[in-house]
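We name chains A, B, ... by the order of the sequence lines, and we start the count at 1 in each one. Worth saying up front: this structure is predicted, and the values here are computed from it rather than measured. Quick note: numbers below take in every heavy atom, side chains included, and nothing from hydrogens, waters or symmetry partners.
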There are 2 protein chains.
Amino acid sequence: MNLKQLSEKLGLSQTTVSRALNGYPEVNEETRRRVVEAARQHDYRPNARAKGLATGRAMAIGHVIPISAKFEIVNPIFADFIAGAGESYSKAGYDMLISVVRNDDEERVYRDMKSKGNVDGVIVHSPRLNDSRIGHLHEIGLPFLVHGRSSGCDIGYSWIDVNNRRAFERAARFLLDLGHRRIALLNGPEMMDFAIRRRAGFENALREAGIEPDPALMHSAEMTEGFGHRAAAEALALPEPPTAFLVASILIAIGVRRAIEESRLTMGRDISVVTYDDDLSYLRNGDDIPIFTAVRSSVREAGRLAAEMLISAIADPSLPHLDRLLEAELTVGQSTGPVPVRS
Amino acid sequence: MNLKQLSEKLGLSQTTVSRALNGYPEVNEETRRRVVEAARQHDYRPNARAKGLATGRAMAIGHVIPISAKFEIVNPIFADFIAGAGESYSKAGYDMLISVVRNDDEERVYRDMKSKGNVDGVIVHSPRLNDSRIGHLHEIGLPFLVHGRSSGCDIGYSWIDVNNRRAFERAARFLLDLGHRRIALLNGPEMMDFAIRRRAGFENALREAGIEPDPALMHSAEMTEGFGHRAAAEALALPEPPTAFLVASILIAIGVRRAIEESRLTMGRDISVVTYDDDLSYLRNGDDIPIFTAVRSSVREAGRLAAEMLISAIADPSLPHLDRLLEAELTVGQSTGPVPVRS
DNA sequence: GACGATTCTCAAAGCGCTTTGGCAGATCGA
DNA sequence: TCGATCTGCCAAAGCGCTTTGAGAATCGTC
């Protein structure tokens, strides 16, 4: 059923039917009622491509999700971010287009999307330090919003981010307040902007407490359980092991716990762990009592907001750049305790 | 830069330029070379909507990913499945459209996709027992492929699935061979087809060994770490606790391990654990030596294959239904051992 | 009752592409 | 040399929608 058929059935012109359906004022309310009813009855829905062609709007947002070329890892936070964004899109009548892409191919994909015209804007994921994609998107004139920020990038752009620096500052201070002095940092890949900020927050808190960060206690890698386990096992085998770990994701924390238990130590008593928690739906930090002490911010909520912001930016291009800084909240769980007395 | 402008620049008609670019034979090779070169130089790419409108093909595949309405959980395997499918799509020049949807809304979404015409086909995720979506898609005539199967559904359809029944049969037999007699099953939600098959395989192996499955040892829920922990803690507190767990995902297994360790037992010695492993990129079962004994099948590979199959089904609708049954492979890790002698 | 204002509806153009049908000019066989 | 066949190109229609510009019909007003 297309517009032509529907209008013939109603004995009206395509124009009138189209206007009636799209809420234009110059159509009799009685006529509109008839049209809307007929459309509902025949399950008519305008063809998205034709509509897009006529209006010049794709009613779709693109997400380019990078795959770490070396490790072939898909960051698990995408599932939840996408779920959040998807909610906002379906409310606003937008579709979501996803391209999974090797890191180096991203700019080509943006260019393609622009010239193929199948999206009205894109969300940029996992921004790196001084990320070239931002300038690139500016250049080709495709509206976009960054999930995260890119330090060193001096062009204005819209973004939504968590205050990663403050989150890690608070987490580190919490451990320092418990008396910990040797704190290991298991960070995400430090070409990523969020990881840089987290490290800065961590180091800052240490220095404020008069402690010089020890490079031997700071590691950075893809945020997997395996990394957490390996790095923690190594750290615990040091002559002077850390008494606490500050880690960048629950998956890392799970690996750390495994290493702690393999060392016949008890988490929360012998060794403290604080983690960053994206509040992933399938990886909740305990059902009732949190397992890990954590700084938490829901990545799903971030997805919801990101989509809303981008949509409104597209709706009114004259708007200034939008940004939003979310604060992570600290919740105390069972994984932290005062520094144990030396035996 | 659109076709008209490009053809004017070249002093050719739109027809010729279009044919040259699309590889039609009735154009001089020399002319084609010129056209292709000019297109490359001006970074010309045909507008996707216009092309779709003209050809009637959207060059896009839809994925409807359901959110469990009760728990708001996004199944983490989607990230990897999508990554795999995305690879095949970009090779074939297809886009991927994703809708995140509350369970009950799915059929409306399929209907929308069909009438809006923004996809050429869809992948159906998480099929349930006797899933109504299959009949529905048949009815509206939208090509589709099911990731999994739907027992009780008597219509023919294309699918790709793991041999879940055999996987759990083998896993259970492995435990039985080690002497385990009380084996707990922590299964996925049993309205899901895969969970039903897994349970059948499990029960089958037990019965073959002359053991009647004990309902008190079989649990079914969303596959989270929390579920694994809770269910395992409860089971271990039974007067006659199980000596082994067979679980449906690594996340559950991680929860089980936590419960085991909280009970001051050692996994692999006191209690054995076998898990199903989707080979998720961010949740590898150990880097070198597998942590858990597991039956494994890569969901990413399944995504790749699913996309390929659907694309070829769309390319040639006269093809009979395609299907593909993948076998999971058993890898022995550190989480299993012979049943301990009663103290 | 005539006139302008208002309300409702329509025909047609246009979005950017593919594809049909056809037309010159070159090539070939007899 | 002439008609038949190919080759290489083109004009125009059509995909399904929105939107412009305009025309009928209705209304209120003097």
Checklist outcome for this item: Taken in chain and number order and not counting sequence neighbours, the residues that satisfy side-chain hydrogen bond (donor to acceptor under 3.5 Å, both in side chains) with B:Asp323 are none
Item to check | Contacts of type side-chain hydrogen bond (donor to acceptor under 3.5 Å, both in side chains), residue A:Thr16, not counting sequence neighbours | outcome: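 Counting only residues at least two positions away or on another chain, A:Thr16 forms a side-chain hydrogen bond (donor to acceptor under 3.5 Å, both in side chains) with A:Ser13.
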Checklist outcome for this item: Nucleotide by nucleotide, nucleotides 6-12 of chain C touches protein heavy atoms under 4.0 Å in the pattern (B base, S sugar-phosphate only, - none) --SBBBB
Item to check | salt bridge (Lys or Arg N to Asp or Glu O under 4.0 Å) partners of residues 37-50 of chain A, not counting sequence neighbours, each pair once | outcome: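 Those involving residues 37-50 of chain A are A:Glu37-A:Arg40, A:Asp43-A:Arg45, A:Asp43-B:Arg111, A:Arg45-B:Asp112.
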Checklist entry - Heavy atoms, side chains only, cut-off 4.5 Å: are B:Ile61 and B:Val119 in contact? => result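 Counting from C-beta outward, B:Ile61 and B:Val119 never come under 4.5 Å.
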Checklist entry - Can you tell if the side chain of B:Pro76 reaches within under 4.5 Å of the side chain of B:Tyr282, non-hydrogen atoms only? => result yes
Item to check | Span of DNA chain D in contact with chain B (heavy atoms, under 4.0 Å) | outcome: D:dG8 to D:dG16
What residues form a ring-ring contact (aromatic ring centres under 6.0 Å, His included) with [X], not counting sequence neighbours?
X        : result
B:Phe78  : B:His125
A:Tyr94  : none
A:Phe194 : none

Checklist entry - Are B:Ser150 and B:Asp193 linked by a side-chain donor-acceptor pair shorter than 3.5 Å? => result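 Looking only at side-chain atoms, B:Asp193 and B:Ser150 do not form any donor-acceptor pair under 3.5 Å.
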Checklist entry - Should we say atom CZ of B:Arg32 is surrounded by more than 12 heavy atoms from elsewhere, each under 6.0 Å from it? => result yes
Collect all protein-nucleotide pairs involving nucleotides 23-28 of chain C in which both atoms are nitrogen or oxygen and the distance is under 3.5 Å.
none

Item to check | CZ-CG distance between B:Arg19 and B:Leu12, expressed to the nearest 0.5 angstrom | outcome: 13.5 Å
Item to check | Spacing of A:Asn75 atom CG and A:Asp80 atom CG [to the nearest 0.5 Å] | outcome: 11.0 Å
Next on the checklist: One pair to check against side chain to side chain contact (heavy atoms under 4.5 Å, CB included): B:Ile160 and B:His147. What are the steps and the verdict?
Outcome noted: CA-CA 5 Å; B:Ile160 181 168; B:His147 178 213; 4.2 Å; yes
Item to check | Any residue of residues 42-58 of chain A with a heavy atom less than 4.0 Å from an atom of DNA chain C | outcome: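 Going residue by residue through residues 42-58 of chain A, the ones with a heavy atom under 4.0 Å of DNA chain C turn out to be A:Leu53, A:Ala54.
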Next on the checklist: Under the ring pair (Phe, Tyr, Trp, His ring centres under 6.0 Å) definition, can you give me all pairs with a residue in residues 29-53 of chain A, not counting sequence neighbours?
Outcome noted: none
Item to check | Between B:His136 and B:Tyr110, ring centroids under 6.0 Å | outcome: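 Judged by ring-centre distance (under 6.0 Å), B:His136 and B:Tyr110 do not meet the cut-off.
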Checklist entry - Once you build an axis from the first five pairs and another from the last five of the helix from C:dG1-D:dC30 to C:dA30-D:dT1, how far apart in angle are they, to 10 degrees? => result 50°
